[in-house]
2 protein chains.
Amino acid sequence: MIELAILGILKESELHGYELKKHLRRVLGPLSNVSFGSLYPALNRLERQGAVAVVAVDEGAARAVPPMTGSFAGEAAAFRARRLVTRGPRNKKVYGITAAGEARLAELMADPAEDERSFGMKLAFFRWCDRPTRLHLLERRRSSLRARLEETRRAVGTRGNDDPYVRALMEHDTESTMHDIAWINRLIASEEQAGEERATEPTGGQP
Amino acid sequence: MIELAILGILKESELHGYELKKHLRRVLGPLSNVSFGSLYPALNRLERQGAVAVVAVDEGAARAVPPMTGSFAGEAAAFRARRLVTRGPRNKKVYGITAAGEARLAELMADPAEDERSFGMKLAFFRWCDRPTRLHLLERRRSSLRARLEETRRAVGTRGNDDPYVRALMEHDTESTMHDIAWINRLIASEEQAGEERATEPTGGQP
DNA sequence: CGGCGATATATCGGGCCGATAGATTGAGTC
DNA sequence: GACTCAATCTATCGGCCCGATATATCGCCG
C-alpha cells in the first residue's frame, strides 16, 4: 500500500508531492517505484481522510498573490480560468502528517494483508513501531515464506510439471525463499537480542 | 502480462477458465496467482482479438439443449432470461489457441517491458521459443538485474539512508539480486552449451 | 531571448485484484 | 427421495495502481 509509504515518509519531514516521490525512491529503492499516477490520488485520498494536511503553499503563490491586493488576486484567478484549466501556477503544496495520520500509519503497519511487496515497505518503516509489533510482523512474514516454500515443493512433485524451465524456476524460487527465511531469522534474532539487553534494567521481567 | 500466461497454457491443451486457473497456479506457482477478476476479462479480450476461440460448450448445455428440440432450447433461454441475468447454466466454455494467438504469444515473449514479474512467466514458457530468443531474454534480464544492483548500491551510499532497517532491506536486496544474477548466468551457460553441442553437426557455423 | 531540462501538479484509460454473486453438480446423510 | 454442503464454474463491480500525457513554471546556457 502506497498510503503506508506516504505516511511513513511524511512522519519524518514535511514535503510536497515531487519531493515525496524522490524520498520514496531513495528509501524503497528498487521496491515499488511509486508513480505520480498513484501518488497524487493517494495524497488526495489521505487528505480527505484527514491523515495528511497541506501545511503551506509556496513560492508561486507568493508571486501571484502579493500581500493586500485582493483585486490582483482576482485577476490572477481570471487569468488562470481563461487558460482552459484551473490548475494553479507552481503551487508546491507541502503536506504534513496529522495525529489521525499517525494512528492510521500504526494501523496499516500492524494489521492487514501480506502481499509480498508490503512487507518490504513495512520493514523500511520499522523505526516507527515498537519491538512487539516488529517481532509480530517478522514472524508473520516467516510463516508466509514457509507456506510458499511448501507450496512450491508440492508443485515440483506434481505430475505435468516436467518441463526443465518450469523446474528451474521452481528450484530457484525454493532457494530464494530459503535465503529469505534465513534473513528473517537473523532479523528476529537481533530484535530479540536487543530486547533482552534492554530487559536487564530496573523494571524486571522474567529472570 | 496475464495474456502471455493464458496463451502459454492454452498452447499445451484446450481448457476452460476454471481449469486454466488451476494450471496457471501449478505452472507459475507462487508467482502471480491469477484471480478470476483478471482471468475472465482477459479471456474475453483475447477472444475479441481472435487469439483464442471457444472450442466447445460442454455438459450443462448438453442437458439443457438435447438434440432436435428447438422449442425446448427456446424455453430454456426464456427461463434463463427470467432469472434477471442471462448467465448460462454451467456453460464450461472450453478455449483453444488460434494461429493468431500463437503469433501473439511469440510477440509477447520476444519484445516488451520487463516488469520483474513478467520474466518469471516468460521463463515458464521458454519451451515455446527458440534458443536465440531465450538467450536474448536471459541477457536482457541480466542487464536489468545489474542495473538494479547498481541503483541499490548507490542508494546505500546516499546520505539520509542511515536507518538500520532500511539498510538491512538494501543489503538483502543486493544479496538477492546477486544470487539472481548468478542463477541467470548458469541458465545462459547451459543454454549456450546446448547450442554448441547442436552446432557440431552438418550445417557448420564458425569453427 | 529562445530553447531545454528539471521541477511541479494533475488526469485518463486500462489492467489487475479481492470480494461478491449466481448457478449447477456430486457426494454424503437421514 | 429430500436435504444439505462443498466444490465447480462463469462473471461483474469497485478500487487501486501504473504509464502516458497535459500543462505550466523555473533556472541555466549560449
Side-chain angles (χ1 to χ4, degrees), chain A residues 1-6 15-22 24 31-48 54 56-64 76 79-95 108 112-118 121, chain B residues 1-6 15-22 24 31-48 54 56-64 76 79-95 108 112-118 121:
Chain A
M1 260 160 117
I2 198 184
E3 310 197 355
L4 187 148
I6 291 175
L15 299 166
H16 55 234
Y18 202 81
E19 286 174 312
L20 202 43
K21 184 175 191 289
K22 286 192 288 189
L24 281 167
L31 288 161
S32 92
N33 231 334
V34 178
S35 75
F36 289 122
S38 329
L39 184 57
Y40 286 111
L43 276 171
N44 289 330
R45 238 179 298 147
L46 288 169
E47 197 181 0
R48 246 182 290 125
V54 174
V57 181
D58 267 345
E59 278 149 69
R63 274 186 75 263
F79 180 74
R80 259 177 272 140
R82 237 176 285 131
R83 297 198 156 268
L84 284 177
V85 224
T86 325
R87 272 173 227 153
R90 189 64 139 227
N91 257 341
K92 263 215 248 200
K93 280 154 63 172
V94 178
Y95 289 93
L108 285 174
E114 190 83 344
D115 39 13
E116 208 66 35
R117 291 257 245 307
S118 70
M121 283 200 186
Chain B
M1 260 160 117
I2 198 184
E3 311 199 353
L4 188 148
I6 291 175
L15 299 166
H16 56 233
Y18 201 80
E19 286 174 314
L20 202 43
K21 184 174 192 291
K22 285 192 288 188
L24 282 167
L31 288 159
S32 93
N33 231 336
V34 178
S35 75
F36 290 121
S38 328
L39 183 58
Y40 286 110
L43 277 171
N44 288 331
R45 238 179 298 148
L46 287 169
E47 197 181 0
R48 246 183 289 125
V54 174
V57 180
D58 266 346
E59 278 149 69
R63 273 186 76 265
F79 179 75
R80 260 177 273 140
R82 237 176 284 132
R83 297 197 157 270
L84 284 176
V85 224
T86 325
R87 271 175 226 152
R90 189 63 138 231
N91 255 341
K92 262 215 249 200
K93 279 156 61 172
V94 178
Y95 289 94
L108 286 173
E114 192 80 345
D115 38 13
E116 208 64 36
R117 289 257 245 307
S118 71
M121 283 203 187

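Small disclaimer: the values here were computed from a predicted structure and weren't measured. In what follows, every chain begins at residue 1, and chains take the letters A, B, ... in the order their sequences are listed.
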* To do: Kindly compute the distance separating NE2 (H16(A)) from NZ (K93(A)), expressed to the nearest 0.5 Å.
  => 12.5 Å
* **Spacing between L20(A) atom CG and dA8(C) atom C1', to the nearest angstrom** => 13 Å
* In Å, rounded to the nearest 0.5 Å, how long is the span from CG of L46(A) to CD of E3(A)? -> 4.5 Å
* To do: Give the nucleotide from the list dC9(D), dC16(D), dA10(C) with an atom nearest to the side chain of Y18(B).
  => dC9(D)
* Asked: Starting at NZ of K22(B) and ending at P of dT10(D), how long is that distance when rounded to a whole Å?
  -> 10 Å
* Using the closest heavy atom to pick a nucleotide of DNA chain D for each, name whichever of N44(B) or E19(B) lands nearer the 5' end. => E19(B)
* To do: Give a yes/no on whether any side-chain N or O of R117(B) is located under 4.0 angstrom from OP1 or OP2 of dG15(C).
  => no
* Roughly how far, to the nearest 0.5 Å, is the CD1 atom of I2(B) from the OG atom of S35(B)? -> 7.0 Å
* Structure fact -> Taking dT12(D), dG18(C), dT9(C) as options, the one with an atom nearest any side-chain atom of P41(B) is dT12(D)
* To do: May I ask you to evaluate whether S38(A) reaches the phosphate of dC18(D), defined as a side-chain N or O under 4.0 Å from OP1 or OP2?
  => yes
* **OP1 or OP2 of dT10(D) under 4.0 Å from side-chain N/O of K21(B)** => no
* Asked: What is the distance, rounded to the nearest whole Å, between atom CG of L43(B) and atom C1' of dC16(C)?
  -> 14 Å
* Rounded to the Å, how far apart are I6(A) CD1 and dC17(D) C1'? -> 12 Å
* Structure fact -> Separation between CE (M121(A)) and CD1 (I6(A)), nearest 0.5 Å, reads 9.0 Å
* Asked: G37(A) near the nucleic acid: base, sugar-phosphate alone, or nothing, with a heavy-atom cut-off under 4.0 Å?
  -> base
* Structure fact -> Here the distance between atom P of dG14(C) and atom CD1 of I2(B), to the nearest Å, is 18 Å
* To do: Starting at OG of S32(A), measure out to CZ of R117(A) and round the result to the nearest 0.5 Å.
  => 7.0 Å
* To do: Mind calculating the distance between NE2 (H16(A)) and P (dT7(C)) to the nearest angstrom?
  => 9 Å
* Structure fact -> Whole-Å distance, L39(A) CG to dC12(C) P, equals 17 Å
* To do: Calculate the interatomic distance between F36(B) atom CZ and dT8(D) atom C1'; express it in whole Å.
  => 9 Å
